[in-house]
S.K.: 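One structure follows; several queries about it will come next.
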Amino acid sequence: MSEISKVLLLVGSPKGENSVSNNIASYILEKFNENGVKAEKIFIVKEVRNDEALNELVLQAIDAEILILVSPLYVDSIPAINIKVLEEFYKVKNDSYNKKQSFMTIFNCGFPEPHHNDLAIDMCKKFASDTGLKWMGGVTIGMGPSLEGKSLERFRLAKNLCTGLDMAVDAILKGETVPQEAIVIASKPLMPLTIVKFVMCNFGRFMWGNQMDKSVKGNMFDRPYEL
Amino acid sequence: MKAVILNGSNENENPLNTWEKLIVEILDNYGWQVETVELRNKKLATCIGCFGCWIKTPGECILKDEGREICKNVARSDLLVLLTPLTFGGYSFELKKMMDRLIPNLLPLFTKINGEMHHKTRYEKKPKLLAIGYNFQHDEESERIFKELVHRNALNMDNPTSYVEVVAGEVNDIIVGEEILRNIEVIS
Ligand SMILES: Cc1cc2nc3c(=O)[nH]c(=O)nc-3n(C[C@H](O)[C@H](O)[C@H](O)COP(=O)(O)O)c2cc1C
């Protein structure tokens, strides 16, 4: 049995349950549960709407031994709702909380190159250092939308991601630091980048065209504002 | 020439608010038309990640609050000024809630810039970008992150040029003012 007592997964996608972030968080949650460690999952988007709920969320986060933020990348950075939580956490966590806590993050983005997430990871690492949390590392995932609604376990392209996350969870369960190798493996591109970039650049219009609402099918390039 | 200032200061007492006024004055002297947005006083929803601005109401956020108007003014501007306290090296919540809502001005389509994937922009016109971050104390890592973030945002929004300043520690408004003036002279 692991000595880890409290694992908290913060799902940082504004899309909540129907998000890639939730998909990844659920995979990790399952791994902890399989090993007899009760992990909890909270959707930030549901809690930031009012001060009381936000405060409650921050207190729970401060109380966790292992804190894992799973989030999408928004505009090269952390989505606003998650910044709100980090700002509040920083304000509340003062010297009276001297408990040992560790922090890990997993970011997924739309572009295929995982490195787009690097700055968001750097910000989280800075947050950890400013709030006295032990930094466990940040996984970066490109082409995130391809993981939407999929079982990671059964999705061929997510094989490295699962292997890396398994290694990370194993280390956490043993009370060890997450090995760099786990982060590197989990952060490998889901597909060869040259191919994906070619497809996205050449067939993007078709890919997005298919998602357009029927009523605006031909309006992808609309310019609603007179400049 | 039009400028939009997005002030992401979290509180009323912050040097950023003084600099906002100074920037307005300088731009005014250069004949700019300036709109300032003190984001902490705006009730703006945060982005819900639906991509409705690309697939439902192309070019406009589906959320009907002031965010739409601000997005429109940014699209029309020649200069976008960002003011923010450095928050773990990034933007404050107040500024980020608006930054996340600027993606209607992009297209869903992809393009490669220096071999890296980015989005195409909806409008040919793109504002120049000036970002000023304030940190209550010097911190190399925060400053590095901030500069890199502004640089990457400028790539993604395809801003023709970007300028970034970090002011840290004890503030000397005269020196900061000179620095801002120098930047605006270059931009103008
Ligand atoms: C407002 C907004 C900004 C985004 N900015 C970026 C970005 O800068 N780079 C990127 O690669 N993807 C960006 N994305 C795409 C998301 O990161 C991507 O769709 C991700 O898979 C969403 O994950 P989720 O389902 O967990 O929310 C953005 C999406 C939204 C809605």
Side-chain angles (χ1 to χ4, degrees), chain A residues 13-16 19 45 48 72 74-88 90 110-113 115-116 118-120 122-131 142 193 196-197 200-202 204-205 207-213 215-216 219-227, chain B residues 10 44 46-52 54-60 68 71-73 75-76 87-105 107-112 115-120 122-125 139 141-142 144-145 148-149 151-153 155-157:
Chain A
S13 171
K15 281 152 59 190
S19 66
V45 70
V48 290
Y74 273 18
V75 195
D76 302 295
S77 170
I78 306 171
I81 55 168
N82 302 345
I83 296 179
K84 181 82 187 165
V85 172
L86 301 187
E87 282 179 354
E88 290 305 309
Y90 177 78
F111 293 138
E113 304 102 326
H115 75 247
H116 284 276
D118 285 354
L119 269 184
D122 289 346
M123 287 172 207
C124 289
K125 187 173 176 188
K126 185 75 189 67
F127 161 78
S129 116
D130 287 356
T131 46
L193 292 177
V196 189
K197 286 197 233 180
M200 286 172 98
C201 285
N202 289 285
R205 191 166 175 171
M207 284 154 52
W208 280 102
N210 274 342
Q211 296 186 50
M212 302 284 293
D213 260 19
S215 58
V216 291
N219 303 8
M220 188 191 286
F221 299 94
D222 270 9
R223 291 175 170 175
Y225 309 139
E226 290 273 335
L227 299 193
Chain B
N10 295 323
L44 291 182
T46 48
C47 171
I48 57 170
C50 67
F51 286 129
W54 289 349
I55 61 173
K56 289 194 175 100
T57 51
E60 262 190 315
R68 276 186 165 193
C71 196
K72 175 165 86 183
N73 291 340
R76 286 178 171 170
T87 306
F88 315 117
Y91 302 141
S92 64
F93 163 73
E94 296 296 349
L95 177 58
K96 192 64 185 0
K97 72 183 180 193
M98 193 54 226
M99 295 304 285
D100 289 348
R101 295 205 36 202
L102 290 181
I103 69 160
N105 292 343
L107 286 173
L109 300 190
F110 305 102
T111 183
K112 269 195 266 182
E116 194 183 65
M117 294 289 274
H118 292 281
H119 284 290
K120 291 186 176 171
R122 191 171 292 277
Y123 300 95
E124 264 143 51
K125 180 176 179 174
D139 181 85
E141 180 59 358
S142 293
R144 178 195 70 78
I145 295 172
E148 182 67 20
L149 175 64
H151 166 71
R152 290 201 64 78
N153 279 175
L155 272 180
N156 260 337
M157 299 191 288

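In the text below, chain A, chain B and the rest are named by the order of the sequence lines, each starting its count at 1.
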S.K.: Give the minimum heavy-atom separation between B/Gly49 and A/Pro14, together with the two atoms involved.
M.R.: N-CB, 4.4 Å

S.K.: Heavy-atom distance under 4.5 Å to chain A: side chain of B/Ser142, backbone, both or neither?
M.R.: both

S.K.: Name the option with the most non-hydrogen atom pairs under 4.5 Å to chain B; the candidates are A/Glu226, A/Lys125, A/Arg205.
M.R.: A/Glu226

S.K.: Which heavy-atom pair separates A/Met220 from B/Leu107 by the least distance, and what is that distance?
M.R.: O-CD2, 3.5 Å

S.K.: Sort out for me which of B/Lys112, B/Arg144, B/Glu94, B/Glu116 touches chain A most, counting heavy-atom pairs under 4.5 Å.
M.R.: B/Glu116

S.K.: Give a yes or no answer on whether the side chain of B/Lys96 reaches the backbone of A/Val75 with a donor-acceptor pair at less than 3.5 Å.
M.R.: no

S.K.: Within the side chain of B/Tyr123, is there an N or O that forms a donor-acceptor pair under 3.5 Å with the backbone of A/Tyr225?
M.R.: yes

S.K.: Heavy-atom distances under 4.5 Å only: say whether A/Glu87 touches chain B with side chain, backbone, both or neither.
M.R.: both

S.K.: Pick whichever of A/His116, A/Gln211, A/Lys15 has the most heavy-atom pairs under 4.5 Å with chain B.
M.R.: A/His116

S.K.: Mark yes or no for whether B/Asn153, through its side chain, and A/Asp76, through its backbone, hold a donor-acceptor pair below 3.5 Å.
M.R.: no

S.K.: Which of the residues A/Val48, A/Val45, A/Ile78 is involved in the greatest number of heavy-atom pairs with chain B at under 4.5 angstrom?
M.R.: A/Ile78

S.K.: Are B/Ile145 and A/Leu119 close enough, and set up right, to give a side-chain contact (heavy atoms from CB on, under 4.5 Å), and what steps lead you there?
M.R.: CA-CA 7 Å; B/Ile145 295 172; A/Leu119 269 184; 3.9 Å; yes

S.K.: Under 3.5 Å, side chain of B/Asp100 to main-chain N/O of A/Ala80, donor-acceptor pair present?
M.R.: yes

S.K.: How long is the straight-line distance from CZ of B/Phe93 back to CG of A/Asn82, given to the nearest 0.5 Å?
M.R.: 10.5 Å

S.K.: If you measure from CH2 on A/Trp208 to CD1 on B/Ile55, what distance do you get to the nearest 0.5 Å?
M.R.: 6.5 Å

S.K.: Counting heavy-atom pairs closer than 4.5 Å to chain A, which one of B/Thr111, B/Thr46, B/Thr87, B/Leu149 comes out on top?
M.R.: B/Leu149

S.K.: Within the structure provided, determine whether B/Pro108 and A/Met207 are in side-chain contact (heavy-atom separation under 4.5 Å).
M.R.: no

S.K.: Less than 4.5 Å apart, any side-chain heavy atom of A/Phe111 and any of B/Asn156?
M.R.: yes

S.K.: Go through it in stages, so that I can follow the logic: the residues are B/Cys47 and A/Tyr74, the test is side-chain contact (heavy atoms from CB on, under 4.5 Å), and I'd like the CA-CA distance, side-chain angles, deciding distance and then a yes or no.
M.R.: CA-CA 9 Å; B/Cys47 171; A/Tyr74 273 18; 4.0 Å; yes

S.K.: Please test B/Asp139 against A/Lys126 for side-chain contact (heavy atoms from CB on, under 4.5 Å), starting from the C-alpha separation and ending with a verdict.
M.R.: CA-CA 10 Å; B/Asp139 181 85; A/Lys126 185 75 189 67; 2.8 Å; yes

S.K.: Quick one: closest heavy-atom pair of B/Arg122 and A/Phe221, and the distance?
M.R.: NH1-C, 3.8 Å

S.K.: Side chain, backbone, both or neither: which part of B/Ile103 has a non-hydrogen atom closer than 4.5 Å to chain A?
M.R.: side chain

S.K.: Please check if the side chain of A/Arg223 supplies one atom and the backbone of B/Gly59 the other of a donor-acceptor pair under 3.5 Å.
M.R.: no

S.K.: If you measure from CG on A/Asp130 to CZ on B/Phe88, what distance do you get to the nearest 0.5 Å?
M.R.: 6.0 Å

S.K.: Only pairs of heavy atoms separated by less than 4.5 Å count here; which of B/Trp54, B/Phe110, B/Tyr91, B/Phe51 has the most with chain A?
M.R.: B/Phe110

S.K.: I'd like to verify something: which residue of B/Lys125, B/Glu60, B/Lys120, B/Met98 has the highest number of heavy-atom pairs under 4.5 Å with chain A?
M.R.: B/Glu60

S.K.: Looking at chain A, which one of B/His118, B/Met157, B/Glu141 has the largest number of heavy-atom pairs inside 4.5 Å, strictly under?
M.R.: B/His118

S.K.: Could you tell me whether the side chain of A/Cys201 reaches within less than 4.5 Å of the side chain of B/Met117, counting heavy atoms only?
M.R.: yes

